[in-house]
Amino acid sequence: MNGKRTRIYEGKAKILYEGPEPNTVIVHFKDDATAFNAEKKAVIEGKGVLNQRISEHIFLKLNEMGLPTHFLRSLNMREQLVRSVEIIPLEIVVRNVAAGSLAKRLGLEEGTPLPRSIIECYYKNDKLGDPMVNEEHITAFGWATPMEMDDIMHMSIRINDFLSGLFLGIGIKLVDFKMEYGRYIENDMMRVVLADEISPDNCRLWDIKTQQKLDKDVFRRDLGSLTDAYQEVARRLGIIQPGEAPERAKPKLVKTDS
Ligand code: UDP
C-alpha cells in the first residue's frame, strides 16, 4: 500500500506522503526514536501509534477550542491527514519548570518552578544544532513576519494554559514542550496554524506525586521502558482503556502489496 503513495519527505520520526485531496498531506508516525540530534537512535515498537493517538487527542481538542491546527482527521492508528502548510523554520518551546537545556544553561536545579511561563525560539536547522534565536533574528532573516510572531506567541500561551490544565487533571505536570507552526493561504489571507505533533516525544511530563518521567527523557536518559511511559499518558488521557494496551495500541498489519 505504502509503495504506491508519493513520499514527500522522511524525517527522524515521521514520513510525509501526498494526501488524497488537494492541499493535504498524510503524516505517518514511525517507531524510530532519536535523541541528541540523532546521535542516539532506536526503534521502539508501538511508539508511533501512541504518539499519533495522543497527538490526535490533543489536536482535536485544540481545534474544538478554536485554536487552529493543521490536523484534519486520523486515517488509522499510525497515520493522520493534515492540511498542507509551509513549515515556519522555528521550534517554539514553552517552559513552566526548569529542566533540560534551560536548567543547564542557567545553572538551575531541574524541577525549579519558573516565576512565569517562558517562551523560547530555536531556528530549525539540524546542521547548526537548532540554535536559540530571538525575534530580531527571526524577522531580520524573514523566517516569520512580526504579525506571524504575534500570532505564534498568543497561540503558544493559550496552548500552554490549556495543556497545563489538561495534564494537571490527570496528575501530570507539564514541565515544557515544543511546537512547530505552519502557514497557508485561505481566501487570499495568510494563516498561521499549529503543525507537527504534540506528544510525549516533544513534551516533558512528570507525574505530580512521584515526579516519575513520562516522556522522551525516559529514552534520552535510559530510565526504563518508553512504551510503558507513553502508554501511561495515553491511559490517563482516556485514549486507551485499562487492559487494552499493549496489543491494541500496536499497529495491525492488514495487507501488504509489496
Ligand atoms: N524538544 C523537542 N525537540 C527538540 C528539542 C527540544 O521536542 O529538537 C522539546 C523537549 O522534549 C522538551 C522541550 O522541547 O520538552 C525543551 O527541550 P530542551 O531545550 O530542554 O532541550 P533538551 O534538553 O531536550 O535537549
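Any value given below was found using the heavy atoms of this structure, including those in side chains, with hydrogens, waters and symmetry copies removed. Both ligands and their constituent atoms are indexed starting at 1 by order of listing. Predicted model, so just to flag it, every value in this text is computed and none were measured.
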**Q.** R5 side, atom CZ; L16 side, atom CG - distance, nearest 0.5 Å
**A.** 11.0 Å

Q. Heavy-atom contacts under 4.0 Å between R220 and ligand 1: side chain, backbone, both, or neither?
A. side chain

Q. Any side-chain donor-acceptor pair under 3.5 Å between E79 and Q52?
A. no

(Q) Out of all atoms in ligand 1, which are within 4.0 Å of some heavy atom of V93? Include the element for each. (A) 14 (O), 16 (C)

Q.
I'd like to check whether E120 has a polar contact with ligand 1, where a contact means an N/O of the residue lying under 3.5 Å from an N/O of the ligand.
A. no

Q | Atom pair NZ/NZ of K178 and K216 - distance to nearest 0.5 Å | A | 8.5 Å

Q. In terms of side-chain heavy atoms, does R73 have a donor or acceptor partner in T24 at a distance below 3.5 Å?
A. no

Q) Which part of A103 is near ligand 1, with near meaning a heavy atom under 4.0 Å away: side chain, backbone, both or neither? A) neither

Q.
Keeping K209 on the side-chain end and G171 on the backbone end, is there a donor-acceptor pair under 3.5 Å?
A. no

Q | Verdict with supporting geometry, R78 and E45, salt bridge (Lys or Arg N to Asp or Glu O under 4.0 Å) | A | CA-CA 12 Å; R78 207 178 258 287; E45 205 188 342; over 6 Å; no

**Q.** Residues that A195 engages under side chain to side chain contact (heavy atoms under 4.5 Å, CB included), provided they are two or more places apart
**A.** H70, V85, I87

Q) With atoms numbered from 1 as shown, which atoms in ligand 1 lie under 4.0 angstrom from a non-hydrogen atom of D130? A) 8 (O)

(Q) So for K104, does at least one of its heavy atoms come nearer than 4.0 angstrom to any atom of ligand 1? (A) no

Q. Within less than 4.0 angstrom of ligand 1, does Y122 place any heavy atom?
A. yes

Q.
Can you report which non-hydrogen protein atom sits closest to atom 9 (C) of ligand 1, along with the distance?
A. K178 CB, 3.6 Å

Q) Does D207 use its side chain to pair, donor to acceptor, with the backbone of I172 at less than 3.5 Å? A) no

Q: Please report which non-hydrogen protein atom sits nearest to atom 7 (O) of ligand 1, along with the residue it belongs to and the distance in Å to one decimal place.
A: N202 CB, 2.9 Å

Q) In the protein, which heavy atom is nearest to atom 21 (O) of ligand 1, and how far is it? A) S101 OG, 3.8 Å

Q: Answer side chain, backbone, both or neither: which part of E91 comes under 4.0 Å from ligand 1, heavy atoms only.
A: side chain

Q) Are K124 and D130 within salt-bridge range, i.e. N to O under 4.0 Å? A) no

(Q) For atom 12 (C) of ligand 1, what is the closest protein heavy atom, and at what distance to 0.1 Å? (A) D176 OD1, 3.1 Å

**Q.** Element-labelled atoms of ligand 1 that are located less than 4.0 Å from some non-hydrogen atom of C203
**A.** 15 (O)

Q.
Suppose I only count heavy atoms of G100 and a 4.0 Å limit; which atoms of ligand 1 are within that range?
A. 20 (O), 23 (O)

Q.
Is it the case that the side chains of S84 and N23 hold a donor-acceptor pair, with the cut-off being a distance below 3.5 Å and no angle test?
A. no

Q. Taking non-hydrogen atoms only, is V175 closer than 4.0 angstrom to ligand 1 via side chain, backbone, both or neither?
A. neither

Q: Could you tell me whether the side chains of D215 and Y230 share a donor-acceptor contact shorter than 3.5 Å?
A: no

(Q) Can you report which non-hydrogen protein atom sits closest to atom 24 (O) of ligand 1, along with the distance? (A) R204 NH2, 3.3 Å

Q: Give the atoms of ligand 1, by number and element, whose distance to some non-hydrogen atom of R95 is under 4.0 Å.
A: 16 (C), 18 (P), 19 (O), 20 (O)

